[in-house]
Amino acid sequence: SPRMARAALALARVAEGAAGLGLGRARLVLLPPGDAAQPDPHGWREAVAAAAGALQAGGLVAVPTDTVYGVACLAQDSAAVRSIYSLKGRNGTKPLAICLGDVERLYRYCHVNVPDELLRDLLPGPVTLVLQRSEELNKDLNPFTSLVGVRIPNHPFMRDLARACSGPLALTSANISSQGSTLTVLEFQDLWPQLSLIIDGGPIGDIQSPECRLGSTVVDLSVSGKFSIIRPGCALTPTVEILKKKYGLVPESS
């Protein structure tokens, strides 16, 4: 496809430069359309296995999500977490989210003080829920806070990948801190030399629409009975409606 050809050509150029810099060489994997249940499960399963293998080897992998492109590593691997902080050009004070495949797994890494049904009304979806972290989570991940943001993207590849890994993934947007979020793999070419693998799931959403670049809505649920919006993101109105109307949570006064 033209998309594959363009991305492969750009990747070859980056790889050439990277080889000269001793930065290694990211591999590009084109995600077939559909999901594991669709007619081409083979290419799909291969992409999941390639990404899981790169993560288990300590690598950083670029991934499509339901909002923007992200970069993932194993959250319990401290060396990989340090790599992702340095890729973003940020120190450990700006937190990374964790990404899981299913709501049930959230209880292992977080202390939950809201009904399970509330979690399932918002997840999977374009929302990051901020909760108290449990002892189980790697101390080197966001060492300056007792909270952690949890993402279960409504994207079949991300859920399959999270299920294929033993612990949670650490997930951040595929861009340098303070720069715009990215909706195609070519938009974050400057990061490619530091990645082990790039999963190209094609353009996410409408590339022309600024709303599509907002990322997930980040909501703090760590205080019982209350919520506070940390980032409005792309799903603010439906999220607030569920929290207020269905569960009677009140906004924390700022």
Side chain to side chain donor-acceptor pair (under 3.5 Å) between Tyr85 and Asn142, worked out: CA-CA 10 Å; Tyr85 282 134; Asn142 311 337; 2.9 Å; yes
Worked verdict on Leu171 versus Val71 for side-chain contact (heavy atoms from CB on, under 4.5 Å): CA-CA 6 Å; Leu171 185 65; Val71 175; over 6 Å; no
Derivation and outcome, side-chain contact (heavy atoms from CB on, under 4.5 Å), residues Cys73 and Leu169: CA-CA 6 Å; Cys73 74; Leu169 307 180; over 6 Å; no
Pair Gln179-Asp190, side-chain contact (heavy atoms from CB on, under 4.5 Å): steps then yes or no: CA-CA 12 Å; Gln179 293 189 359; Asp190 49 342; 4.2 Å; yes
Trace of the side-chain contact (heavy atoms from CB on, under 4.5 Å) decision for Leu249 with Lys226: CA-CA 5 Å; Leu249 299 190; Lys226 301 191 171 180; over 6 Å; no
Ser209 vs Glu211, side chain to side chain donor-acceptor pair (under 3.5 Å): CA-CA, chis, key distance, verdict: CA-CA 5 Å; Ser209 156; Glu211 284 74 43; 3.3 Å; yes
Side chain to side chain donor-acceptor pair (under 3.5 Å) between Lys88 and Ser177, intermediate numbers included: CA-CA 5 Å; Lys88 290 289 282 190; Ser177 278; 4.8 Å; no
Candidate pair Ser181 and Asn175, rule side chain to side chain donor-acceptor pair (under 3.5 Å), full reasoning: CA-CA 6 Å; Ser181 53; Asn175 58 316; 6.0 Å; no
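Put simply, CD on Glu46 and CG on Leu30 are 12.0 Å apart, with the number rounded to the nearest 0.5 Å. The CZ atom of Arg213 sits 10.0 Å away from the CD1 atom of Ile204 when rounded to the nearest 0.5 Å. Once rounded to the nearest 0.5 Å, the distance linking CG of Leu74 with OG of Ser166 reads 6.5 Å. Here the straight-line distance linking atom CZ of Phe227 with atom CD of Glu252 works out to 10.0 Å at 0.5 Å rounding. Atom SG in Cys110 sits 5.0 Å away from atom CD1 in Ile98 (nearest 0.5 Å). Between the CG atom of Asp200 and the CG atom of Leu31 there is a distance of 8.5 Å, given to the nearest 0.5 Å.
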Extract all donor-acceptor atom pairs below 3.5 Å that involve side chains of residues 114-132 and protein atoms in other chains or at least two apart in sequence.
unit_1	atom_1	unit_2	atom_2	d
Asp116	OD1	Tyr107	OH	2.6
Asp116	OD2	Arg120	NE	2.4
Glu117	OE2	Lys246	NZ	3.2
Arg120	NH1	Glu104	OE2	3.3
Arg120	NH2	Glu104	OE2	3.1
Asp121	OD2	Lys246	NZ	2.8
Asp121	OD2	Tyr247	OH	2.6
Thr128	OG1	Ser216	OG	2.7
Gln132	OE1	Ser146	OG	3.4

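Lys245 NZ: 12 or fewer foreign heavy atoms inside a 6.0 Å radius.
Take Arg105 and apply the salt bridge (Lys or Arg N to Asp or Glu O under 4.0 Å) test, not counting sequence neighbours, and it matches no residue.
Under the 30°/60° scheme for interplanar angles, the aromatic rings of Trp44 and Phe157 are found to stand perpendicular.
A donor-acceptor pair under 3.5 Å is absent between the side-chain atoms of Arg231 and the main chain of Val219, judged by distance alone. Not one N or O on the side chain of Thr184 forms a donor-acceptor pair closer than 3.5 Å with the backbone of Pro203. In terms of modelled atom types and a separation under 3.5 Å, the side chain of Ser134 and the main chain of His111 share no donor-acceptor contact.
The pair Arg108-Glu135 does not meet the salt-bridge criterion, since no charged nitrogen lies less than 4.0 angstrom from a carboxylate oxygen.
Applying the side chain to side chain donor-acceptor pair (under 3.5 Å) test between Asp66 and each of Arg151, Arg159, His155 identifies Arg151 as the sole match.
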